[in-house]
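Worth saying up front: this structure is predicted, and the values here are computed from it rather than measured.
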Amino acid sequence: MDYVEIEKKWNKIWADTKLYAFDKTKIDNKHYVLEMFSYPSGDKLHVGHWYNYGLSDSYARFMRAKGKNIFEPMGFDAFGLPAENYAIKTGIHPQDSTLKNIEYMERQLKDMGAMFDWDYELATCMPDYYRWTQWMFLQLFKHGLAYRKNAPVNWCPSCNTVLANEQVIDGKCERCESTVIRKNLTQWFFKITDYAEELLNCLDNLDWPERTKIMQRNWIGKSEGAELVFDMQDGKNNFKVFTTRADTLLGCSYAVLAPEHPLVDIITTSENKAAVEEYKLQAAKTTEIERLSTSKEKTGVFTGSYALNPLNGEKVPVWVGDYVLYSYGTGAIMGVAAHDERDYKFAKKHGLNIKRVIKNANGENDDLPYTEYGIMTDSGEFDGLTSEKGCIAVAKKLEKTGKGKLVTNYRLRDWLVSRQRYWGAPIPVVYCEHCGIVPVPEEQLPVRLPYDVNFTPDGVSPLAKHEEFVNTVCPKCGAKAKREVDTLDTFVCSSWYYLRYPDNKNTDKPFDMALIDKMLPVDKYVGGPEHACMHLLYARFFTKALRDMGYLHFDEPFRSLVHQGAILGPDGNRMSKSKGNVISPDPYVNKYGSDVFRAYLAFGFKYIEGGPWNDDGIKAIAKWIERVERIVERANEVKNINEKTANDEELNFVRNNTIKAVNEDYPAFSFNTAVARMMELTNALNKYDEGAINGKLYFDTVLDLIRLLAPICPHLCEEFWQISGQKFSVIDGGFPTVDERALVRSEIEIAVQINSKVRAKLMIDTSLDEKGIQRFVLENETVKKLLADAAVKKVIVIPNRLVNIIV
RNA sequence: GCCAGUGUGGCGAAAUGGCAGACGCAAGGGACUUAAAAUCCCUCGGGGGCAACUCCGUGUCGGUUCGAGUCCGACCACUGGCACCA
């Protein structure tokens, strides 16, 4: 058979009969299977996409065969940096290259033979989609969840442009190799921190990989502590610090402000000005990862000013140091050298005081820095309190003077959504001289992204150079006004696409609330683990924010989540054009057909782990499918022969063992073991077909095999099903269920261990209970010989597995 | 550096705390064939032994347990993420 031709034939029949179209009349039975949509880059679909989409589709097909009404849409995350960079390099407009890539990828996806219902397709760069992305922005703005503030960007002083982190290599611009600095710009933020507590709490009830939940918890980073106010000695200024160790306040011998802290300029004395300015410049060149490194030297400079300990008024020097981040806590810390490792290193380096105020539970001093919780000492009225109690007592005392309070702090930061780039959704805001920030009225959406824009990097957002776009009138007062020229982070587009799919053609609203309440949440979401903290958190935030605005009535978008592993290039590296290790599925699909290719991906890797690409085994899979084909033909020849044989029981055992395993493996995304079991069944059928044959058993077993394999080889199994005289379609032919009786065996081999070493193997009656097994084993002649005269101390019996005799 | 993972034959991998390596690939040997392809059969972690058999073996080192690839502790290596790649 020519597999490629067969696939074309069935693909057409499926499309013509709309076999996989979502049945809107049976939403109660829906099963929403969503794969993270892909970015239409110049690499087209590589084998990694195929792995993600092809096998998720196999899961969806299994669920369909089990009777579910599958909603499996596909679309494109089409805005973003790579298309713009490609345009800067080649002059090809991002819209042109993106639409062309989408067209190509659609064809590849269709060849895959997945159940995607193309009626629900979407692309985030189309005005009928980003109109609603802009609408989302307006709702967040209206509800106080979108605001502007100053925040740093990577700035290349030579190219005069903002760089993505990806474009900064070792602190240098990837294009011109100038040193990149951080520069402040006024930018839009979403207030995701308002939802920190709920985002944390709801994780508990999600059917997500545990490791992903742990990462999100750590990312949100809740910590209970105190916010303390340090007045400056000048009596005019103050700053706040966040600490989880208020019990160590009297051990504070200095304070450190982040270099970006606004107070730095105010309090730095004239003789220290030069050093502080120099230090700030240096800090602007250091990445956050470097600054957080615990092994990096703890640099810093003195401001020349002193602050007062809020508890006893003691004078402490105020320093500037880059190990303090402006974005975490309050951007300032109290330095307690004796009880914090980083503070200890800083104090040692700069010759600052080290004062112990905590002893261990035995009242002794441990080695410095002693950071564990212990007993307060040298702290006056607080002496003898445990650290836990002391933290609260100190904060409570300071509360009375307004110098402290208990607070909950989160590591999570608000989401910066402004991008000084062209290829994204314009932020729908107008700046008016009279009215200030004015949101674009909803009925004027979309704010269209103009086509004829000069996006070469030269210091301003590309849209700022488009006069027609920038100059507008104020929607409120009608006076001349200017549009916002930044675009939205593409993560905004992908934070709500799962809500748009089911109602993608709605022109009145982003989605119909009644419909979405029935269609969501997504029942199975499949995508890479690299999205654990950002995309998956942003999408959860959007769902919760929309719920609170009254647009949804559920709390979480993705009920169940699975991560596929990454298929790496043959060199073991992540596939990328620059490394030249991108593997296209096309040559394989053209040669072997998409079903064989999918079966190869299913069998060759553990799904959640992936691994380097290697096509060594693909021929073997093709041969296996050909064996199945021969077995199907054989089954049709012999189906009317009806005689019992001695091998019937064994074949029926393997058949049901396979059915049982495959039914468990598909929902667990354990495709490699499912294929292994089906290979065993193929082997059993081959072995059985020698001499006498029970044609009915053989034929029925083959019908089971066809249906078990259909989720992984849908086209070919459709053909096999037809050859076997069965009614279209195989996917609706029912999924085989196990006959447990066939799995019961009268005898089974167990291992006999003596002192935990295997010494013998015995066939044993499966009806025996533990005592019976023990008696049988101890009375066995071989075992008696092995034991000789040793005294049996203990016997451990694991039914159907082993017996361990301790002598 | 921090957070989260991963580490098992020549290779991809399997294994509710219970006989490590299922199922495959590659390799070697054989059958069929004038020959090749295809197909089928056998061997296939390492050491020792003519053999029955025996010892060692799941990144390294320790621990818990009758029993550890699996649980605990320390370490090493690699992968993903670290807030503007998506």
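Set against B/rG67, B/rU6, B/rG18, the side chain of A/Glu609 has B/rU6 as its closest nucleotide. Of the candidate nucleotides B/rC66, B/rA13, B/rC19, B/rC19 has the atom nearest to the side chain of A/Val758. Counting only heavy atoms from C-beta on, A/Lys623 has its side chain closest to B/rA38 among B/rA38, B/rG24, B/rA15. Comparing B/rA86, B/rU39, B/rG80 by their closest approach to the side chain of A/Arg574 singles out B/rG80. Among the nucleotides B/rA83, B/rG24, B/rC66, the one closest to any side-chain atom of A/Asn683 is B/rG24. Picking from B/rU39, B/rC82, B/rC55 the nucleotide with the shortest atom distance to the side chain of A/Trp219 gives B/rC82.
One N or O donor and one acceptor, one from the side chain of A/Asn804 and one from the base of B/rC66, sit under 3.5 Å apart. For B/rC66, its base never sits under 3.5 Å from the side chain of A/Lys794 at any donor and acceptor pair.
With respect to A/Trp613, the ring-ring contact (aromatic ring centres under 6.0 Å, His included) criterion is satisfied by exactly one of A/Tyr51, A/Trp50, A/Tyr600: A/Tyr600.
Here B/rC85 presents its P atom at 16 Å from CG of A/Leu488, a figure rounded to the nearest Å.
Within the nucleic acid shown, A/Leu568 has no heavy atom closer than 4.0 Å to any nucleic acid atom. Using a 4.0 Å heavy-atom criterion, one finds that A/Met215 contacts the bases of the nucleic acid, with or without backbone contacts as well.
Contact annotation: A/Asn755 side-chain N/O to B/rC66 OP1/OP2 distance is not under 4.0 Å.
Using modelled atom types and a 3.5 Å distance limit, the side chains of A/Asn573 and A/Asn581 yield no donor-acceptor pair.
Under a cut-off of 6.0 angstrom, the local environment of NZ in A/Lys619 is sparse, with at most 12 non-hydrogen atoms contributed by other residues, nucleotides or ligands.
Atom P of B/rC61 sits at a distance of 26 Å from the matching atom of B/rA22, rounded to the whole Å.
For B/rG9, the glycosidic angle deviates from 0 by 90° or less, giving a syn base.
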